[in-house]
2 protein chains.
Amino acid sequence: MSARQDQEQEQELEPYIDLNEAPITSPNKIKIMETAIDLFSHRGFSGVSIRDITKEVGIKESSLYNHFRSKDELLGTIFLNFRRSVTRIMPPKEHLESILGTMSPELFLKQGLTNFMKHIDDPVMEKVWRIVYLEQYRDPLARDIYLNDIVGAILSFMESVFARWIALGRIKPADPRVLAAEYQYPLFAMVGVYVLLRVDGQSTWDIETGMREHVDFFVSKIME
Amino acid sequence: MSARQDQEQEQELEPYIDLNEAPITSPNKIKIMETAIDLFSHRGFSGVSIRDITKEVGIKESSLYNHFRSKDELLGTIFLNFRRSVTRIMPPKEHLESILGTMSPELFLKQGLTNFMKHIDDPVMEKVWRIVYLEQYRDPLARDIYLNDIVGAILSFMESVFARWIALGRIKPADPRVLAAEYQYPLFAMVGVYVLLRVDGQSTWDIETGMREHVDFFVSKIME
DNA sequence: GTCTATAGGGAGATAGAC
DNA sequence: GTCTATCTCCCTATAGAC
């Protein structure tokens, strides 16, 4: 699923930012966000009340309104930070060219998948993924994040990767748009299943194996 | 996506059934169900109140409790009927053998996709699909329906189809489980996108084209 | 099988003291 | 930036008349 392929990914401890892009430093404000992420990811946005959140944080309802104007602004702030985080999964354009010329397609795809799974396995990020999936059908912003920032952005990134590989003669010629779809859509579905299985703490061994088998199958079909 | 491949699918006007499998005949009870389906599909289960439903139906809140013991029972009844409907997408075992021997794999897959899309395009069913996707992360029953009745059942059905084709020498030998995953997972993801786009009434032309391109690509890879 | 009336509680949000 | 107190409204569900 495409990622900083250049090296081991250092742990990113970027602070949360608010809707004005200012870093969030107040411990209670951070605690409110992470508590909200935890609760929303289990019961959905409308299934969680301000009371639930503040009770867990250990403050009164009214105190929350010193940090966020409304429940919607709280969710919006969570989504804003998720967007930024997802963008950082893919390697920056300026490094891409040299990576594609040297690393084998197979290794590139496998390492991309590994990095992507690392993003999803982050304890906080996993919950936000769940919220995005969960709110997709109710919240236009969540829908936009999924369709554009995730599906759209990754597909177009992968299309450019395949196009470059074809130009370099590293894989068999084909429509790079179709290749991107064939490679990526199964992973989207499998990630959905993966996230879902983890809700109940069920085993994800089968689906993780499925992802690796998909990469192998796909690589065998595109290589000369 | 596999379906009654035998012929044009007659319009199924099977009545809804209640949790005791008894047909639902009361017009108001049917109206409650379809109103609930409509509202749940847009705002989610916990985003819709009994008041919203009964106001739309034109009865008082208390009257609803003559038909359903609780809001949960109402949702459970909707899901029960959905389960039955999904099972009927796939052709019965006894017809399968003769279909697989005569119909070309390409035609089988294309007609299966057409029939599946017909199921999703039914105005009521489309909304229930949306509810299932929407409630997956919150409701264990919705999760079970998606993972088992949809993903699991269709994958294992397709696995048996590919295994049979391989035994008949109609496609190249390969692991039928991997083939089923490679064929089906992209469609699951694309159907998710399709349903999502329709929430806002956006164009689904691209994703429908993507589905057809996937079938073509896949067929070209498995045929001798 | 519908209605009126109401119980009993939870929701989001605000005012104003400290 | 926290608190207490409160407003106003909505929630699911039930009792009992017709």
Side-chain angles (χ1 to χ4, degrees), chain A residues 15-20 22-79 131 134-135 138-139 141, chain B residues 15-20 22-79 131 134-135 138-139 141:
Chain A
Y16 296 115
I17 56 167
D18 65 21
L19 295 186
N20 301 318
I24 294 175
T25 54
S26 157
N28 264 356
K29 186 159 183 171
I30 294 171
K31 204 170 171 192
I32 289 169
M33 280 188 67
E34 299 195 334
T35 302
I37 288 171
D38 185 57
L39 295 177
F40 290 162
S41 77
H42 285 102
R43 312 209 299 262
F45 178 75
S46 64
V48 174
S49 69
I50 298 286
R51 286 211 235 281
D52 294 330
I53 297 167
T54 54
K55 187 178 171 187
E56 191 83 12
V57 172
I59 57 173
K60 294 295 165 188
E61 292 99 291
S62 55
S63 297
L64 184 142
Y65 292 92
N66 275 303
H67 300 291
F68 300 96
R69 276 186 214 285
S70 69
K71 201 184 166 192
D72 277 319
E73 187 178 296
L74 171 53
L75 181 63
T77 306
I78 291 169
F79 280 157
I131 299 173
L134 182 54
E135 298 300 326
R138 196 201 60 89
D139 184 329
L141 178 55
Chain B
Y16 296 114
I17 57 167
D18 65 21
L19 295 186
N20 301 317
I24 294 176
T25 54
S26 156
N28 264 357
K29 187 159 183 172
I30 294 171
K31 203 170 171 191
I32 290 170
M33 280 188 67
E34 298 195 334
T35 303
I37 288 171
D38 185 57
L39 295 176
F40 290 162
S41 76
H42 285 102
R43 312 208 299 262
F45 179 75
S46 63
V48 174
S49 68
I50 299 286
R51 283 211 240 282
D52 294 330
I53 298 167
T54 54
K55 187 178 170 190
E56 191 83 13
V57 172
I59 57 172
K60 295 294 167 187
E61 293 100 291
S62 55
S63 297
L64 184 141
Y65 293 92
N66 275 304
H67 300 291
F68 301 95
R69 277 185 213 283
S70 69
K71 201 183 166 191
D72 278 319
E73 187 179 297
L74 171 54
L75 181 63
T77 306
I78 291 169
F79 281 156
I131 299 173
L134 182 54
E135 298 299 326
R138 198 201 60 87
D139 184 329
L141 179 55

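So you know, we letter chains A, B, ... as the sequences are listed, proteins then strands, and number each from 1.
Residues forming a side chain to side chain donor-acceptor pair (under 3.5 Å) with Y65(A) (at least two apart in sequence, or on another chain): none. The side chain to side chain donor-acceptor pair (under 3.5 Å) test applied to E73(B) returns no partner, not counting sequence neighbours. Legend: residues meeting side chain to side chain donor-acceptor pair (under 3.5 Å) with E56(A), ordered by chain and number and at least two apart, are absent. Evaluation of the side chain to side chain contact (heavy atoms under 4.5 Å, CB included) rule for N28(B) yields S26(B), V57(B), I59(B), H67(B) as partners, not counting sequence neighbours. With sequence neighbours excluded, the residues satisfying side chain to side chain donor-acceptor pair (under 3.5 Å) with S46(B) are S46(A).
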Legend entry - Under 4.0 Å protein heavy-atom contacts per nucleotide of nucleotides 13-18 of chain D, with B for base, S for backbone only and - for none: BBB---

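If you measure from atom CG of L64(A) to atom P of dT14(C), you get 12 Å, rounded to the nearest angstrom. Computed from coordinates, the L75(B) CG to dT12(D) P distance equals 13 Å when rounded to whole Å. Distance, H67(B) NE2 to dC3(C) C1': 13 Å, rounded to whole Å. Rounded to whole Å, the distance from NZ on K31(B) to P on dG1(C) is 15 Å. Summarising the geometry, the separation between CZ on F68(B) and P on dT12(D) is reported as 15 Å, rounded to the nearest angstrom. Summarising the geometry, the separation between CD on E73(A) and C1' on dG12(C) is reported as 14 Å, rounded to the nearest angstrom. K60(B) places its NZ atom 5 Å from the P atom of dT4(C), with the value rounded to the nearest Å.
Interface residues of residues 40-49 of chain A facing DNA chain C, ordered by number: V48(A), S49(A); criterion, heavy-atom separation under 4.0 Å.
Note on residues 33-64 of chain A: pairs passing ring-ring contact (aromatic ring centres under 6.0 Å, His included), not counting sequence neighbours, are F40(A)-F45(A). Residue pairs that meet the salt bridge (charged side-chain N to carboxylate O under 4.0 Å, His left out) test with at least one member in residues 32-44 of chain A, sequence neighbours left out, are D38(A)-K127(A), R43(A)-D52(A).
For the pair Y16(A) and T77(A), the minimum side-chain heavy-atom distance is 4.5 Å or more.
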